[in-house]
**Student:** 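Quick one: the structure is below, questions incoming.
First listed ligand is number 1; within each ligand, the first listed atom is number 1.
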Amino acid sequence: MRRGEGEKRRGGEILKTVAALVLIMLSISGSAQVKVRLFADRKPESVIFSVLHGRYEMTTADGARISLNQGEPVMITKYNGSLAFKARSQPGFISDSVVLSGSGEGCLFSLTIDGERFQGRSWSGDISFIPDLGTIVIVNTCPIEDYIAGVTQAEGGDGRHSEYFRTQAVIARTYMYSHMDRHTGDGYNLCDNTHCQVYFGIASLQSVRKAAAETHGMVIFDSGRKLIMPAFHSNCGGETSPAEFVWLSPAPYLKRVVDPYCSGTRNYSWQKTIPADQWIRTVREADHQGRSVAIGEAGFVQKTRMAEYRAGKASVPFSDLRNALGLRSAFFSVYPQGNNVVLKGRGYGHGVGLCQQGAMVMASKGFDFRKIIAFYYPGVTVRDIADTIPGVNASGN
Ligand SMILES: [Zn+2]
Ligand SMILES: [Zn+2]
(Lines give C-alpha, C1' and ligand atoms only; values in the text may rest on other atoms or scores of the structure.)
(Ligands and ions follow the chains in the order given, each with its own letter.)
Protein backbone atom coordinates (compact mmCIF):
# COMPACT_ATOMS: atom_id res chain seq x y z
CA MET A 1 0.00 0.00 0.00
CA ARG A 2 3.01 2.27 0.19
CA ARG A 3 3.46 1.68 -3.48
CA GLY A 4 4.48 4.57 -5.64
CA GLU A 5 5.76 6.81 -2.85
CA GLY A 6 8.86 8.62 -4.02
CA GLU A 7 8.56 7.18 -7.45
CA LYS A 8 10.23 8.68 -10.48
CA ARG A 9 7.27 8.61 -12.72
CA ARG A 10 8.73 10.21 -15.78
CA GLY A 11 11.89 8.12 -16.04
CA GLY A 12 12.41 5.24 -18.40
CA GLU A 13 9.40 5.90 -20.60
CA ILE A 14 11.03 4.41 -23.67
CA LEU A 15 12.31 1.31 -21.89
CA LYS A 16 8.89 0.94 -20.34
CA THR A 17 7.20 1.07 -23.71
CA VAL A 18 9.62 -1.48 -25.18
CA ALA A 19 9.21 -3.80 -22.18
CA ALA A 20 5.43 -3.48 -22.38
CA LEU A 21 5.39 -4.20 -26.11
CA VAL A 22 7.56 -7.31 -25.71
CA LEU A 23 5.27 -8.53 -22.96
CA ILE A 24 2.16 -7.86 -24.96
CA MET A 25 3.55 -9.84 -27.88
CA LEU A 26 4.37 -12.72 -25.50
CA SER A 27 0.94 -12.38 -23.94
CA ILE A 28 -0.67 -12.75 -27.34
CA SER A 29 1.41 -15.85 -28.04
CA GLY A 30 0.22 -17.23 -24.68
CA SER A 31 3.60 -17.69 -22.97
CA ALA A 32 3.88 -14.47 -20.96
CA GLN A 33 5.95 -14.71 -17.83
CA VAL A 34 7.28 -12.27 -15.28
CA LYS A 35 10.54 -12.42 -13.29
CA VAL A 36 9.98 -11.68 -9.60
CA ARG A 37 12.71 -11.52 -6.98
CA LEU A 38 11.53 -13.47 -3.92
CA PHE A 39 12.31 -12.51 -0.32
CA ALA A 40 13.82 -9.27 -1.65
CA ASP A 41 13.61 -7.62 1.78
CA ARG A 42 15.82 -10.31 3.38
CA LYS A 43 19.39 -11.40 2.84
CA PRO A 44 19.14 -15.19 2.66
CA GLU A 45 22.27 -17.19 3.48
CA SER A 46 20.72 -20.59 2.92
CA VAL A 47 17.66 -21.78 1.03
CA ILE A 48 15.97 -25.17 0.81
CA PHE A 49 14.02 -25.73 -2.40
CA SER A 50 11.42 -28.55 -2.37
CA VAL A 51 9.29 -29.79 -5.26
CA LEU A 52 5.61 -29.89 -4.29
CA HIS A 53 4.22 -30.89 -7.66
CA GLY A 54 5.60 -31.86 -11.06
CA ARG A 55 9.19 -32.50 -12.11
CA TYR A 56 12.16 -30.13 -11.90
CA GLU A 57 15.58 -30.17 -13.51
CA MET A 58 18.64 -28.21 -12.35
CA THR A 59 20.90 -26.48 -14.88
CA THR A 60 24.24 -25.21 -13.57
CA ALA A 61 26.20 -22.16 -14.79
CA ASP A 62 28.33 -24.42 -17.05
CA GLY A 63 25.32 -26.13 -18.57
CA ALA A 64 25.27 -29.43 -16.62
CA ARG A 65 21.74 -30.81 -16.11
CA ILE A 66 20.58 -32.74 -13.07
CA SER A 67 17.11 -34.25 -12.67
CA LEU A 68 15.44 -34.08 -9.28
CA ASN A 69 13.30 -36.83 -7.84
CA GLN A 70 9.77 -35.91 -6.84
CA GLY A 71 9.78 -34.25 -3.41
CA GLU A 72 13.58 -34.19 -3.21
CA PRO A 73 14.85 -31.04 -1.47
CA VAL A 74 17.88 -29.07 -2.66
CA MET A 75 19.97 -27.13 -0.14
CA ILE A 76 21.59 -23.93 -1.46
CA THR A 77 24.21 -22.11 0.64
CA LYS A 78 26.71 -19.30 0.09
CA TYR A 79 30.20 -20.58 -0.61
CA ASN A 80 33.24 -18.32 -1.26
CA GLY A 81 31.37 -15.90 -3.49
CA SER A 82 29.63 -18.78 -5.32
CA LEU A 83 26.83 -21.08 -4.24
CA ALA A 84 26.99 -24.66 -2.98
CA PHE A 85 24.16 -27.03 -4.01
CA LYS A 86 23.27 -30.36 -2.45
CA ALA A 87 20.39 -32.68 -3.28
CA ARG A 88 20.02 -35.85 -1.22
CA SER A 89 20.52 -38.33 -4.05
CA GLN A 90 23.28 -36.39 -5.86
CA PRO A 91 26.85 -35.36 -5.14
CA GLY A 92 27.13 -31.72 -4.04
CA PHE A 93 28.57 -29.10 -6.40
CA ILE A 94 29.60 -25.45 -6.56
CA SER A 95 28.20 -23.11 -9.22
CA ASP A 96 27.87 -19.39 -9.89
CA SER A 97 24.19 -19.86 -10.57
CA VAL A 98 21.57 -22.54 -10.95
CA VAL A 99 18.21 -22.58 -12.69
CA LEU A 100 15.55 -25.07 -11.60
CA SER A 101 13.07 -25.56 -14.43
CA GLY A 102 9.72 -27.25 -14.08
CA SER A 103 8.50 -29.43 -16.89
CA GLY A 104 4.82 -29.78 -17.76
CA GLU A 105 1.75 -28.21 -16.20
CA GLY A 106 1.20 -27.46 -12.54
CA CYS A 107 4.81 -27.39 -11.31
CA LEU A 108 4.95 -26.06 -7.75
CA PHE A 109 7.69 -25.68 -5.17
CA SER A 110 8.15 -24.45 -1.59
CA LEU A 111 11.07 -22.57 -0.02
CA THR A 112 12.70 -22.55 3.41
CA ILE A 113 14.80 -19.43 4.05
CA ASP A 114 17.50 -19.52 6.76
CA GLY A 115 15.64 -22.32 8.50
CA GLU A 116 12.27 -20.56 8.39
CA ARG A 117 9.46 -22.47 6.70
CA PHE A 118 6.61 -20.63 5.04
CA GLN A 119 3.68 -22.92 5.63
CA GLY A 120 0.95 -22.75 3.03
CA ARG A 121 3.02 -20.74 0.55
CA SER A 122 4.02 -22.18 -2.80
CA TRP A 123 5.35 -20.78 -6.05
CA SER A 124 4.90 -21.87 -9.68
CA GLY A 125 7.23 -21.77 -12.68
CA ASP A 126 11.04 -21.74 -12.67
CA ILE A 127 13.49 -20.42 -10.11
CA SER A 128 17.11 -19.30 -10.25
CA PHE A 129 19.69 -18.71 -7.53
CA ILE A 130 22.53 -16.22 -7.99
CA PRO A 131 25.10 -15.06 -5.40
CA ASP A 132 25.28 -11.27 -4.99
CA LEU A 133 26.96 -9.08 -2.37
CA GLY A 134 26.90 -11.63 0.41
CA THR A 135 23.40 -12.88 -0.20
CA ILE A 136 21.49 -15.27 -2.44
CA VAL A 137 19.28 -13.60 -5.04
CA ILE A 138 16.23 -15.76 -5.71
CA VAL A 139 14.36 -15.04 -8.95
CA ASN A 140 11.08 -16.73 -9.80
CA THR A 141 9.98 -16.78 -13.45
CA CYS A 142 6.27 -17.47 -13.32
CA PRO A 143 3.18 -17.20 -15.55
CA ILE A 144 1.79 -13.65 -15.44
CA GLU A 145 -1.69 -14.69 -14.36
CA ASP A 146 -0.32 -16.73 -11.41
CA TYR A 147 1.52 -13.59 -10.35
CA ILE A 148 -1.58 -11.38 -10.76
CA ALA A 149 -3.73 -13.72 -8.65
CA GLY A 150 -1.02 -13.96 -5.97
CA VAL A 151 -0.66 -10.17 -5.75
CA THR A 152 -4.45 -9.77 -5.65
CA GLN A 153 -4.65 -12.03 -2.60
CA ALA A 154 -1.60 -10.50 -0.86
CA GLU A 155 -2.60 -6.87 -1.46
CA GLY A 156 -6.37 -7.35 -1.23
CA GLY A 157 -6.69 -6.81 2.52
CA ASP A 158 -9.71 -8.44 4.10
CA GLY A 159 -12.09 -7.99 1.17
CA ARG A 160 -13.83 -11.17 0.03
CA HIS A 161 -16.30 -10.08 -2.64
CA SER A 162 -15.62 -11.30 -6.21
CA GLU A 163 -16.12 -7.81 -7.71
CA TYR A 164 -13.58 -6.46 -5.24
CA PHE A 165 -11.07 -9.17 -6.20
CA ARG A 166 -11.65 -8.34 -9.88
CA THR A 167 -10.92 -4.68 -9.08
CA GLN A 168 -7.66 -5.57 -7.30
CA ALA A 169 -6.63 -7.95 -10.10
CA VAL A 170 -7.00 -5.20 -12.74
CA ILE A 171 -4.98 -2.84 -10.51
CA ALA A 172 -2.23 -5.46 -9.97
CA ARG A 173 -2.02 -6.13 -13.71
CA THR A 174 -1.90 -2.41 -14.57
CA TYR A 175 0.90 -1.86 -12.07
CA MET A 176 2.86 -4.85 -13.37
CA TYR A 177 2.74 -3.81 -17.04
CA SER A 178 3.70 -0.23 -16.21
CA HIS A 179 6.62 -1.27 -13.95
CA MET A 180 8.23 -4.14 -15.86
CA ASP A 181 11.45 -2.12 -16.04
CA ARG A 182 11.62 -1.30 -12.34
CA HIS A 183 14.46 -3.79 -11.72
CA THR A 184 15.66 -4.58 -15.24
CA GLY A 185 19.22 -3.61 -14.33
CA ASP A 186 19.08 -6.17 -11.49
CA GLY A 187 18.08 -9.06 -13.76
CA TYR A 188 14.38 -9.28 -12.89
CA ASN A 189 11.21 -7.24 -13.44
CA LEU A 190 9.72 -6.71 -9.99
CA CYS A 191 10.47 -7.50 -6.36
CA ASP A 192 8.00 -9.23 -4.05
CA ASN A 193 7.55 -6.55 -1.38
CA THR A 194 5.85 -3.15 -1.07
CA HIS A 195 8.55 -1.47 -3.18
CA CYS A 196 6.78 -3.09 -6.14
CA GLN A 197 3.82 -5.34 -5.29
CA VAL A 198 3.52 -7.84 -2.45
CA TYR A 199 3.68 -11.44 -3.73
CA PHE A 200 3.59 -14.37 -1.31
CA GLY A 201 3.39 -17.02 -4.04
CA ILE A 202 0.36 -18.39 -5.84
CA ALA A 203 -3.13 -17.53 -4.57
CA SER A 204 -4.60 -20.14 -2.23
CA LEU A 205 -8.15 -18.79 -2.63
CA GLN A 206 -10.03 -20.23 -5.59
CA SER A 207 -12.20 -17.07 -5.75
CA VAL A 208 -9.07 -14.92 -6.26
CA ARG A 209 -7.73 -17.14 -9.06
CA LYS A 210 -11.17 -16.96 -10.68
CA ALA A 211 -11.24 -13.12 -10.43
CA ALA A 212 -7.80 -12.91 -12.06
CA ALA A 213 -8.84 -15.28 -14.87
CA GLU A 214 -12.13 -13.44 -15.46
CA THR A 215 -10.29 -10.13 -15.95
CA HIS A 216 -7.56 -11.70 -18.10
CA GLY A 217 -5.49 -9.03 -19.86
CA MET A 218 -7.57 -6.12 -18.53
CA VAL A 219 -5.72 -2.96 -17.49
CA ILE A 220 -6.52 0.70 -16.80
CA PHE A 221 -5.67 3.43 -19.32
CA ASP A 222 -5.87 7.18 -18.83
CA SER A 223 -7.61 9.42 -21.35
CA GLY A 224 -4.36 9.59 -23.35
CA ARG A 225 -4.23 5.77 -23.64
CA LYS A 226 -1.33 5.37 -21.26
CA LEU A 227 -1.36 2.89 -18.39
CA ILE A 228 -2.22 4.68 -15.17
CA MET A 229 -0.31 4.64 -11.89
CA PRO A 230 -2.94 2.64 -9.97
CA ALA A 231 -2.25 3.95 -6.46
CA PHE A 232 -4.42 2.57 -3.66
CA HIS A 233 -4.57 2.61 0.11
CA SER A 234 -6.54 1.04 2.94
CA ASN A 235 -9.01 3.83 3.79
CA CYS A 236 -9.37 7.44 2.58
CA GLY A 237 -11.34 8.74 5.58
CA GLY A 238 -14.15 10.03 3.35
CA GLU A 239 -12.06 11.83 0.74
CA THR A 240 -9.12 10.70 -1.39
CA SER A 241 -6.00 12.85 -1.65
CA PRO A 242 -4.79 14.65 -4.78
CA ALA A 243 -1.52 12.97 -5.83
CA GLU A 244 0.43 16.22 -5.55
CA PHE A 245 -0.25 16.41 -1.79
CA VAL A 246 1.84 13.24 -1.38
CA TRP A 247 4.11 13.00 -4.42
CA LEU A 248 5.56 15.64 -6.69
CA SER A 249 3.41 15.47 -9.77
CA PRO A 250 -0.34 15.52 -10.16
CA ALA A 251 -2.28 13.15 -12.41
CA PRO A 252 -5.74 13.91 -13.84
CA TYR A 253 -7.09 10.57 -12.54
CA LEU A 254 -5.50 10.93 -9.06
CA LYS A 255 -7.50 13.84 -7.71
CA ARG A 256 -9.78 14.45 -4.77
CA VAL A 257 -12.78 12.11 -4.77
CA VAL A 258 -15.41 12.40 -2.05
CA ASP A 259 -16.05 8.84 -0.90
CA PRO A 260 -19.34 8.10 0.88
CA TYR A 261 -18.65 4.35 0.99
CA CYS A 262 -15.85 3.88 3.55
CA SER A 263 -17.58 5.85 6.32
CA GLY A 264 -17.69 3.76 9.51
CA THR A 265 -15.41 1.00 8.19
CA ARG A 266 -12.53 -0.32 10.29
CA ASN A 267 -9.77 2.15 9.38
CA TYR A 268 -12.01 5.20 8.92
CA SER A 269 -10.78 7.20 11.94
CA TRP A 270 -7.93 7.32 14.44
CA GLN A 271 -6.66 9.41 17.33
CA LYS A 272 -3.23 9.87 18.82
CA THR A 273 -2.01 11.96 21.75
CA ILE A 274 1.60 13.13 21.84
CA PRO A 275 3.48 15.52 24.18
CA ALA A 276 3.21 19.17 23.08
CA ASP A 277 7.01 19.58 22.97
CA GLN A 278 7.28 16.62 20.59
CA TRP A 279 4.77 18.26 18.27
CA ILE A 280 6.65 21.58 18.35
CA ARG A 281 9.99 19.84 17.70
CA THR A 282 8.56 17.77 14.86
CA VAL A 283 7.12 20.84 13.15
CA ARG A 284 10.42 22.74 13.49
CA GLU A 285 12.44 19.82 12.06
CA ALA A 286 10.01 19.28 9.18
CA ASP A 287 9.74 22.97 8.26
CA HIS A 288 12.25 23.71 5.49
CA GLN A 289 13.29 26.95 7.16
CA GLY A 290 13.29 25.55 10.70
CA ARG A 291 10.31 27.68 11.71
CA SER A 292 8.13 26.44 14.51
CA VAL A 293 4.90 27.16 16.27
CA ALA A 294 3.99 28.11 19.85
CA ILE A 295 1.64 25.65 21.49
CA GLY A 296 -1.04 28.33 21.89
CA GLU A 297 -1.25 28.75 18.13
CA ALA A 298 -0.73 25.08 17.14
CA GLY A 299 -4.40 24.20 16.66
CA PHE A 300 -5.49 23.36 13.10
CA VAL A 301 -8.67 21.85 11.76
CA GLN A 302 -8.53 19.91 8.50
CA LYS A 303 -12.18 19.63 7.43
CA THR A 304 -11.27 18.70 3.89
CA ARG A 305 -7.83 17.39 2.82
CA MET A 306 -5.23 20.14 2.72
CA ALA A 307 -1.65 20.10 1.47
CA GLU A 308 0.01 21.95 4.36
CA TYR A 309 -0.21 22.48 8.08
CA ARG A 310 0.05 26.24 8.62
CA ALA A 311 0.27 27.58 12.16
CA GLY A 312 2.37 30.33 13.69
CA LYS A 313 5.17 30.94 11.23
CA ALA A 314 5.49 27.29 10.19
CA SER A 315 4.18 25.63 7.08
CA VAL A 316 4.79 21.90 6.61
CA PRO A 317 3.21 19.38 4.20
CA PHE A 318 0.85 17.11 6.13
CA SER A 319 2.42 14.09 4.43
CA ASP A 320 5.81 15.06 5.93
CA LEU A 321 4.27 15.26 9.41
CA ARG A 322 2.64 11.91 8.83
CA ASN A 323 5.98 10.33 7.89
CA ALA A 324 7.90 11.99 10.75
CA LEU A 325 5.44 10.74 13.38
CA GLY A 326 4.45 7.44 11.74
CA LEU A 327 0.76 8.47 11.66
CA ARG A 328 -1.93 6.40 10.00
CA SER A 329 -2.82 9.19 7.56
CA ALA A 330 -2.09 12.82 6.63
CA PHE A 331 -5.78 13.73 7.00
CA PHE A 332 -5.87 14.93 10.63
CA SER A 333 -6.65 17.92 12.84
CA VAL A 334 -4.49 19.24 15.68
CA TYR A 335 -5.94 20.08 19.12
CA PRO A 336 -3.56 21.36 21.84
CA GLN A 337 -4.70 20.15 25.32
CA GLY A 338 -2.54 21.20 28.27
CA ASN A 339 0.89 19.61 27.87
CA ASN A 340 -0.32 17.41 25.05
CA VAL A 341 -1.46 17.64 21.48
CA VAL A 342 -4.35 15.45 20.38
CA LEU A 343 -4.29 14.44 16.72
CA LYS A 344 -7.68 13.32 15.38
CA GLY A 345 -7.40 11.74 11.99
CA ARG A 346 -9.35 9.97 9.28
CA GLY A 347 -8.28 7.16 6.97
CA TYR A 348 -5.28 4.86 6.74
CA GLY A 349 -2.54 5.11 4.11
CA HIS A 350 -1.44 7.84 1.71
CA GLY A 351 -5.02 8.45 0.57
CA VAL A 352 -4.25 8.61 -3.17
CA GLY A 353 -6.31 6.65 -5.71
CA LEU A 354 -8.53 3.72 -4.76
CA CYS A 355 -9.79 3.37 -1.19
CA GLN A 356 -9.83 -0.39 -0.50
CA GLN A 357 -12.41 -0.37 2.27
CA GLY A 358 -14.69 1.90 0.22
CA ALA A 359 -14.22 -0.40 -2.80
CA MET A 360 -15.24 -3.40 -0.65
CA VAL A 361 -18.46 -1.61 0.32
CA MET A 362 -19.14 -0.66 -3.33
CA ALA A 363 -18.64 -4.32 -4.34
CA SER A 364 -21.10 -5.49 -1.68
CA LYS A 365 -23.66 -2.90 -2.90
CA GLY A 366 -23.56 -4.39 -6.40
CA PHE A 367 -21.16 -2.10 -8.29
CA ASP A 368 -19.02 -4.03 -10.79
CA PHE A 369 -15.24 -3.64 -11.00
CA ARG A 370 -15.43 -1.19 -13.93
CA LYS A 371 -17.71 1.15 -11.93
CA ILE A 372 -15.51 0.88 -8.83
CA ILE A 373 -12.39 1.71 -10.87
CA ALA A 374 -14.13 4.61 -12.66
CA PHE A 375 -15.28 6.02 -9.31
CA TYR A 376 -11.82 6.21 -7.72
CA TYR A 377 -9.83 7.01 -10.89
CA PRO A 378 -11.96 9.62 -12.73
CA GLY A 379 -11.69 9.64 -16.53
CA VAL A 380 -9.97 6.25 -17.01
CA THR A 381 -11.02 3.30 -19.14
CA VAL A 382 -10.58 -0.44 -18.54
CA ARG A 383 -9.37 -2.23 -21.68
CA ASP A 384 -7.34 -5.18 -22.86
CA ILE A 385 -3.58 -4.66 -22.65
CA ALA A 386 -3.39 -5.54 -26.37
CA ASP A 387 -5.21 -2.26 -27.10
CA THR A 388 -1.84 -0.52 -26.70
CA ILE A 389 -0.97 -1.90 -30.14
CA PRO A 390 -3.41 -0.45 -32.68
CA GLY A 391 -5.22 -3.12 -34.65
CA VAL A 392 -4.24 -6.05 -32.41
CA ASN A 393 -6.77 -7.80 -30.23
CA ALA A 394 -5.64 -10.34 -27.65
CA SER A 395 -8.97 -10.73 -25.89
CA GLY A 396 -9.44 -14.18 -27.38
CA ASN A 397 -6.28 -15.37 -25.61
ZN1 LIG B 1 10.80 -3.50 -6.29
ZN1 LIG C 1 -12.70 5.86 1.32
Side-chain angles (χ1 to χ4, degrees), residues 1-9 11-12 15-16 19 34-43 132 135 137-140 147 150-151 154-155 157-159 164 167-168 171-172 175-200 229-242 245-246 254-270 302 304-305 328-332 345-365 367 371-378:
M1 271 166 268
R2 272 162 288 165
R3 131 169 357 150
E5 289 185 52
E7 182 164 10
K8 290 176 206 148
R9 227 169 281 153
L15 256 180
K16 195 175 286 181
V34 58
K35 286 178 190 281
V36 185
R37 179 174 177 182
L38 305 182
F39 298 96
D41 54 352
R42 301 171 60 130
K43 292 188 178 304
D132 183 49
T135 186
V137 176
I138 309 166
V139 177
N140 179 205
Y147 171 74
V151 171
E155 298 265 21
D158 48 11
Y164 173 72
T167 305
Q168 283 284 159
I171 286 174
Y175 184 90
M176 182 202 72
Y177 277 113
S178 60
H179 289 78
M180 290 304 280
D181 63 339
R182 199 146 201 218
H183 290 280
T184 350
D186 305 320
Y188 47 93
N189 300 115
L190 300 146
C191 70
D192 70 345
N193 62 47
T194 52
H195 175 260
C196 290
Q197 306 200 88
V198 179
Y199 182 58
F200 292 145
M229 168 62 202
F232 65 90
H233 56 277
S234 173
N235 192 307
C236 74
E239 188 183 306
T240 68
S241 173
F245 284 11
V246 182
L254 296 178
K255 54 188 188 187
R256 185 194 315 274
V257 171
V258 174
D259 180 2
Y261 301 106
C262 61
S263 172
T265 55
R266 192 164 48 83
N267 289 329
Y268 186 72
S269 60
W270 57 269
Q302 204 178 167
T304 183
R305 281 189 185 261
R328 288 167 76 92
S329 75
F331 190 11
F332 62 89
R346 286 156 65 183
Y348 189 15
H350 52 55
V352 181
L354 180 132
C355 164
Q356 288 183 306
Q357 292 185 341
M360 290 172 202
V361 173
M362 287 186 82
S364 68
K365 285 180 183 291
F367 290 94
K371 292 226 168 61
I372 296 170
I373 287 167
F375 178 73
Y376 288 106
Y377 305 113

**Student:** Out of the N/O/S atoms in Asp259, what is the name of the one closest to the Zn ion (ligand 2)?
**Tutor:**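 The Zn ion (ligand 2) is closest to the Asp259 atom OD2, counting only N, O or S.
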**Student:** Would you check if His183 and Cys196 make a side-chain contact, meaning some heavy-atom pair closer than 4.5 Å?
**Tutor:**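 Yes - at least one pair of side-chain heavy atoms lies under 4.5 Å apart.
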**Student:** Is the closest side-chain donor-acceptor distance between Tyr376 and Asp259 under 3.5 Å?
**Tutor:**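 Asp259 and Tyr376 do have a side-chain donor-acceptor pair below 3.5 Å.
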**Student:** Of all N, O or S atoms in His183, identify the one at the shortest distance from the Zn ion (ligand 1).
**Tutor:**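 Closest to the Zn ion (ligand 1) among those atoms: NE2.
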**Student:** Do Arg328 and Asn267 have side-chain N/O donor and acceptor atoms under 3.5 Å apart?
**Tutor:**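 The criterion, which ignores hydrogens and geometry beyond distance, is satisfied for Asn267 and Arg328.
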**Student:** Do you know which N/O/S atom name in His195 is closest to the Zn ion (ligand 1)?
**Tutor:**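 Result: ND1.
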**Student:** With distance as the sole criterion, is a donor-acceptor pair present between the side chains of Gln168 and Gln356 under 3.5 Å?
**Tutor:**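 Indeed, the side chains of Gln168 and Gln356 share at least one donor-acceptor pair under 3.5 Å.
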**Student:** Suppose we only count N/O/S atoms under 2.8 Å; would Cys191 qualify as near the Zn ion (ligand 1)?
**Tutor:**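 So Cys191 counts as coordinating the Zn ion (ligand 1), yes.
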**Student:** Could you check Tyr175, Phe200, Tyr199 and say which one makes a ring-ring contact (aromatic ring centres under 6.0 Å, His included) with Tyr147?
**Tutor:**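 So, applying the ring-ring contact (aromatic ring centres under 6.0 Å, His included) to Tyr147 and each of Tyr175, Phe200, Tyr199, only Tyr199 qualifies.
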**Student:** Nearest 10°: the angle subtended at the Zn ion (ligand 2) by Cys236 SG and Cys355 SG?
**Tutor:**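 It comes to 120°.
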